[in-house]
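Below is one structure, written out as structure tokens; the observations come after it.
Both ligands and their constituent atoms are indexed starting at 1 by order of listing. Since we're looking at a predicted model, the values are computed, not measured. Start at 1 with the first residue, then count along the sequence.
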Amino acid sequence: PGARVSTIRHMDRRCRVCGGELREFVDLGRQPTANGFLRPDETDGEYFFRLAAAACADCAMAQLVDEVPQERRYHGGYRYHASGSAGHRKHFEENALRLLETELAGPDPFVVEIGCNDGVMLSTIARAGVRHLGVEPSANVAELARAKGVEVLTEFFDERTAAGVRARHGAADVVFGANTICHIAHVASVFRGIDALLAPGGVFVFEEPYLGTVVERTAFDQIYDEHVFYFSVTSVRAMARRFGFELVDAERIPLHGGEIRYTLARPGARVPSPAVEELLAEERERGLSEPGTLDRFRGRVERIRDELVALLRDLRAQGRRVVGYGAPGKSTTVTNYCGIGPDLIPFVCDSTPSKQGHLVPGSHLPVRPPEAFADPYPDYAVLFAWNHADEIMAKERAFRESGGRWILYVPEVRIV
Ligand code: SAM
Ligand code: TMP
Ligand code: ZN
């Protein structure tokens, strides 16, 4: 695939993993923090930054160019509640049960979860009576986890926190993270912390959005302030090596539209699964790390924006009622990048109580409870929570039966 070199911007900022040169591949414009939901009286002085992603020319790691300080992203008012969907609850319960049967089956095991959020995973571990600790800087969700019997340290994970945990609790058999490791910009400190904390035969397991899925499905709405990194097997293997670990397994999982669960161990401690080489070969064949691939991704992103905006304007001109369904972080990226305001989508409904009565950051679409959806049903609903499509479409079957239609924009704009 031929790179259109003229479109690549060479950045001053260096790769957060290896210090290599960053090449920008997409610019989603001026954006607020994705979960910075506002009360209607809080819109003055809203925080914005430039949301652009780049890939490292040396280690291939895809990452944000500019970043938002972590204290502005994770705090006592963090809106994302991991237990918010039945699919997530089931997935993380299964994860916990699997760990209990495998890595945590020895005598007096200990597991640390980085970013345990509301305890969606650790609550199952706690019920099994297994020693555990969640490290979760967002005090409000940490409190929800404690209410489920989960032990939580309200801190950002880094080498200092890890040393404290090690001193108080001893070595961990498993350090786990889900949809969290890609959020942490201080990656070298995280790995020094893992090194200090992990038992010699222990594993560091993390599951995160997959660059391969983002590119293949043109899921550009996965790009937002919290997702500092966009991992691939290629870039994670390089990162593991750089920080003294070995990638021993990589497994595709269906969460958030398609993720990968990575397992890292100390070099030579485990026999690597053939899945690692298989996925590496697949990434090479697809040219996932090549500038031309990322360039074409940008072209598709721009087309989705143009088609979605044209469709919504057209429906408005025809006098059709259109609302949004779900206010995930992804909806902030799409609505701000496309310039979709309440004139095109008067409100979105979302089941998260702390988002209701608030505005989507930047685009200021009002968020209402799910009951507003049927009161009365709109003609069209833009499914921002598209990764929960099966669950939502099943729950809202009556909407389609009443003649309503869903609008999807990933992997392309279509009405179903
Ligand atoms: N693990 C859950 C899941 O997969 O649904 C929650 C993921 S949530 C998107 C990311 C979580 O990581 C947030 O609860 C946030 O507060 C936490 N987090 C962010 N930076 C962190 C850090 N440096 N150390 C520990 N947790 C962090
Ligand atoms: P997520 O994609 O980051 O998990 O966020 C999904 C959002 O969609 C979250 O704000 C909750 C919302 N949601 C609903 O409103 N109704 C539903 O049935 C589901 C599954 C999610
Ligand atoms: Zn790099």
Any Arg79 heavy atom less than 4.0 Å to ligand 2
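No, that is not the case, since the closest heavy atom of the residue is not under 4.0 Å from the ligand.
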
Measure the distances from the heavy atoms of Lys355 to every atom of ligand 2 and state whether one is below 4.0 angstrom.
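Lys355 counts as a contact of ligand 2 under the 4.0 Å cut-off.
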
Taking only heavy atoms of [X], which atoms of ligand 2 are found under 4.0 Å from at least one of them?
X      : result
Thr352 : 9 (C), 10 (O), 11 (C)
Ala385 : 8 (O)
Ser85  : 20 (C)
Asn387 : 2 (O)

Nearest-contact summary for [atom] - protein heavy atom, Å:
atom                    : value
atom 6 (C) of ligand 1  : Asn117 CB, 3.4 Å
atom 5 (O) of ligand 1  : Ala82 CB, 3.2 Å
atom 17 (C) of ligand 2 : Lys395 NZ, 3.4 Å
atom 5 (O) of ligand 2  : Pro328 CB, 3.5 Å
atom 1 (P) of ligand 2  : His388 NE2, 3.6 Å
atom 21 (C) of ligand 1 : Pro137 CG, 3.8 Å
atom 15 (O) of ligand 2 : Ser351 N, 2.8 Å

Pull out every atom of ligand 1 sitting under 4.0 Å from any heavy atom of [X], numbered as shown with elements.
X      : answer
Ala178 : 1 (N), 2 (C), 3 (C), 4 (O), 7 (C)
Tyr80  : 5 (O), 8 (S), 9 (C)
Glu113 : 1 (N)
Glu136 : 11 (C), 13 (C), 14 (O), 15 (C), 16 (O), 17 (C)
Ile114 : 24 (N), 25 (C)
Val135 : 25 (C), 26 (N)

Would you say the side-chain atoms of [X] pair up with the backbone N or O of [Y], donor to acceptor, closer than 3.5 Å?
X      : Y      : value
Lys355 : Phe37  : no
Arg79  : Ser354 : yes
Arg242 : Arg237 : no

For residues Phe110 and His169, establish whether the separation of their ring centroids is below 6.0 Å.
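Yes; His169 has its ring centre under 6.0 Å from that of Phe110.
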
Answer yes if the ring centres of His81 and His88 are under 6.0 angstrom apart, and no otherwise.
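His81 vs His88: aromatic centres not under 6.0 Å.
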
If you measure every N or O of [X] against every N or O of ligand 1, does any of those distances drop under 3.5 Å?
X      : answer
Tyr78  : no
Phe157 : yes
Tyr74  : no
Thr180 : yes
Ile184 : no
His88  : no
Gly115 : yes

Looking at Asp343, I want to see if its CG is surrounded by more than 12 non-hydrogen atoms of other residues, nucleotides or ligands under 6.0 Å.
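Yes, the 6.0 Å shell around CG holds more than 12 heavy atoms from other groups.
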
For the atom pair [atom1] ([X]) and [atom2] ([Y]), what is the distance rounded to the nearest 0.5 Å?
X      : Y      : atom1 : atom2 : answer
Glu71  : Arg73  : CD    : CZ    : 9.0 Å
Ser123 : Asp118 : OG    : CG    : 8.0 Å
Phe297 : Arg217 : CZ    : CZ    : 12.5 Å
Arg320 : Arg405 : CZ    : CZ    : 11.0 Å

Any idea which of Asp221, Asp350, Asn179 brings a heavy atom closest to atom 10 (O) of ligand 2?
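Looking at heavy atoms only, the winner is Asp350.
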
Options Val190, Asn179, Asn35, Val141, ranked by nearest heavy atom to atom 3 (C) of ligand 1, top entry
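It is Asn179 whose heavy atom sits nearest to atom 3 (C) of ligand 1.
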
Any luck finding a side-chain donor-acceptor pair between [X] and [Y] under 3.5 Å?
X      : Y      : result
Tyr78  : Glu136 : no
Thr161 : Glu155 : no
Asn387 : His256 : yes
Asn95  : Arg261 : yes

What verdict does the side-chain hydrogen bond (donor to acceptor under 3.5 Å, both in side chains) test give for Thr352 and Asp350, after you've listed the backbone C-alpha separation in whole Å, the side-chain angles of each residue and the deciding distance to 0.1 Å?
CA-CA 6 Å; Thr352 315; Asp350 191 283; 2.6 Å; yes

Angle subtended at the Zn ion (ligand 3) by SG of Cys56 and SG of Cys59, to 10 degrees?
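The SG/SG angle about the Zn ion (ligand 3) sits at 110°.
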
Flag the pair Leu255 / Phe92 as yes when at least one side-chain heavy-atom distance between them is below 4.5 Å, and no otherwise.
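A side-chain contact under 4.5 Å exists here.
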
Could you tell me if the side chain of Cys18 sits less than 4.5 Å from the side chain of Cys56, heavy atoms only?
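Yes, side chains in contact.
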
Taking 4.0 Å as the limit for heavy-atom contacts, which would you say applies to Arg73 with ligand 1: side chain only, backbone only, both, or neither?
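It is neither; nothing of Arg73 touches ligand 1.
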
Part of Phe156 within contact of ligand 1 (heavy atoms, under 4.0 Å)
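For Phe156, the contact with ligand 1 is made by both the backbone and the side chain.
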
Considering the options Phe347, Tyr380, Tyr325, which one meets the ring pair (Phe, Tyr, Trp, His ring centres under 6.0 Å) requirement together with Phe373?
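The residue from Phe347, Tyr380, Tyr325 that satisfies ring pair (Phe, Tyr, Trp, His ring centres under 6.0 Å) with Phe373 turns out to be Tyr325.
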
Give yes or no for whether the N/O distance cutoff of 3.5 Å, strictly under, is met between [X] and ligand 2.
X      : answer
Tyr325 : no
Glu391 : no
Tyr80  : yes

Is there a side-chain hydrogen bond (donor to acceptor under 3.5 Å, both in side chains) between Glu208 and Asn179 once you walk through the steps?
CA-CA 5 Å; Glu208 310 283 324; Asn179 305 297; over 6 Å; no

